[in-house]
Amino acid sequence: MHRAVHALPACGLALYLVLCLAMAPRGASAATLTVLVGDDQAASAEFVQQLRADQASSASGKFELVRIGPGTATAAAEPAAADTEPAANAGVRTRSLRTAGDAGLTVAVGTAAARAALERPGQEPLVLAMLSRLEYENLKSASPAAMRRGDRRVGVLLRDPAMADQLALVNAVLPQKRRLGVIATPESEPLVRELQRAAQNANPAWDLQVEIAPDARSLATALRALVPRSDALMVLPDLIGDSQAATLSVLHAGAGAGLPVFGASEGLVRSGGLAAAVSTPGQLAQQARQLGQKVASAAGAGSNSGPLVEAATPATVRINATVARGLGLRPPEERELTERLAAPR
């Protein structure tokens, strides 16, 4: 082969190279990145901004932003004003939004966009991002067939770190403690199961104390039963963690008993929690791109066994130094804790 190439005249060699480049398969990185957004939250905007910046810096293809109107189906999706495609191509999308021959990668940001993305036809790889564990479980129950289509692979990026990472943080801050108290709602069963598995697999194992609070009225009763049996409390990313009033009730109960409270948001730390393992929307956007590459490489690999689900990589640890001093604790620095969580376990 090498002798044949060298034997070609200059014009023949040039033609040969052009043909080789034209015949080379295009990777997923050169295809269009379509981003569906269904809300105006600041976290979603930061996520999209990071995706756009990464796409522009890598020169890996066109970036296309599509907004899903509140309460509308995919057929009503229109490109946002900030869409980078030429105006001639910026008309209202039909239900298909994209032809199968123009396959790229679609990233749906948030629950509304995820529902719309699952309903649309097409074979391009799909990543559902910025979902809580419970939002993902609800989507999976509502659209099981769409999650397991044989002609399209789906990836799911959860916005919160895995429970094993959360427990690793608690262990790094309180290495001599083993009793962890959790208030959960009946809808939190998937999170509680994940936490129980992580507690059992930890070395040494955690003594997990769980109380169920079906409504706000029963929260105080559950906390009174839980606090005496716990060395620390954890706020789950569920209806309690999403409610400022419920979260403050847990924080007040912990403060009154001298118990540190852990969680998965910077807001909890600012409000009086001791520590949280978090991943910012910008960091999640970078993880979503990596997950998209995995999903794209798995496309066409045969039967679809279901979505590829990843928890957020805990990129940053936040510590409330004032709370730590009040509890008489001297936890490691945030940077050290972040490195511990990033280390293989």
Side-chain angles (χ1 to χ4, degrees), residues 42-51 53-54 57-58 129-130 132-133 157-182 191 194-195 198-199 201-206 230-237 241 247 250-251 254-255 258-291 293 310-345:
S44 298
E46 182 181 340
F47 183 95
V48 172
Q49 183 179 13
Q50 185 65 54
L51 280 180
D54 290 344
S57 63
S58 63
M130 297 291 283
S132 71
R133 164 66 71 173
L157 177 58
L158 306 177
R159 65 171 180 251
D160 300 308
M163 287 301 162
D165 290 323
Q166 302 281 23
L167 282 178
L169 173 60
V170 182
N171 188 66
V173 175
L174 303 173
Q176 305 303 318
K177 305 295 184 180
R178 292 272 69 110
R179 299 184 305 166
L180 182 64
V182 175
L191 281 170
E194 181 187 351
L195 182 57
N201 294 332
N203 186 20
W206 283 88
S230 305
D231 298 317
L233 302 176
M234 177 179 286
V235 176
L236 298 177
T247 298
V250 178
L251 290 170
L259 298 181
V261 180
F262 295 80
S265 72
E266 293 192 52
L268 177 128
V269 176
R270 290 194 298 267
S271 298
L274 175 61
V278 301
S279 188
T280 67
Q283 293 161 338
L284 283 168
Q286 296 174 337
Q287 187 176 349
R289 287 180 64 91
Q290 296 170 358
L291 177 59
Q293 294 172 359
E310 286 188 4
T313 300
T316 307
V317 171
R318 297 298 185 211
I319 294 285
N320 189 319
T322 301
V323 171
R325 286 193 297 270
L327 293 172
L329 299 173
R330 298 185 63 181
E333 297 291 332
E334 290 181 346
R335 179 179 298 181
E336 179 183 344
L337 289 170
T338 299
E339 292 175 351
R340 288 195 195 182
L341 263 64
R345 289 191 296 277

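Source: prediction; values computed, not measured. Along the sequence shown, residues are numbered consecutively beginning with 1.
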Which atom names give the shortest non-hydrogen contact between [X] and [Y], and what distance separates them?
X	Y	result
Pro237	Leu191	O-CD1, 3.7 Å
Pro175	Ala172	CD-O, 4.0 Å
Glu194	Ala162	OE2-CA, 3.6 Å
Pro331	Ile319	CG-CG2, 4.1 Å
Gln50	Gly282	CG-O, 3.3 Å
Ala129	Phe47	CB-CZ, 3.6 Å

Measuring from atom [atom1] of [X] to atom [atom2] of [Y], what distance do you get when rounded to the nearest 0.5 angstrom?
X	Y	atom1	atom2	result
Leu236	Arg133	CG	CZ	12.0 Å
Glu46	Gln283	CD	CD	8.5 Å
Trp206	Met234	CH2	CE	8.0 Å
Asn201	Met163	CG	CE	14.5 Å
Leu157	Arg289	CG	CZ	13.5 Å
Lys177	Ser230	NZ	OG	11.5 Å

Problem - Contacts of Arg325 that satisfy side-chain contact (heavy atoms from CB on, under 4.5 Å) - sequence neighbours left out - result: Ala321, Thr322

Are [X] and [Y] side-chain neighbours, meaning at least one heavy-atom pair lies under 4.5 Å?
X	Y	value
Gln286	Asp54	yes
Val261	Thr247	no
Met130	Leu284	yes
Leu195	Leu167	yes
Pro314	Leu169	no

Problem - Arg340 and Glu336 ion-paired at < 4.0 Å - result: yes

Exercise for the section: Kindly check if the number of other-residue, nucleotide or ligand heavy atoms within 6.0 Å of CD (Glu334) is above 12? Expected result: yes

Is there a donor-acceptor pair closer than 3.5 Å between any side-chain N or O of [X] and the backbone N or O of [Y]?
X	Y	value
Thr338	Val317	yes
Ser279	Ala315	no
Glu310	Leu291	no

Distance-only criterion, 3.5 Å: show the donor-acceptor pairs between side-chain atoms of residues 267-278 and protein atoms not counting sequence neighbours.
unit_1 : atom_1 : unit_2 : atom_2 : d
Ser271 : OG     : Gly267 : O      : 2.9

Problem - Residue that, paired with Leu233, satisfies side chain to side chain contact (heavy atoms under 4.5 Å, CB included) out of Leu180, Leu259, Val170, Val182 - result: Leu259

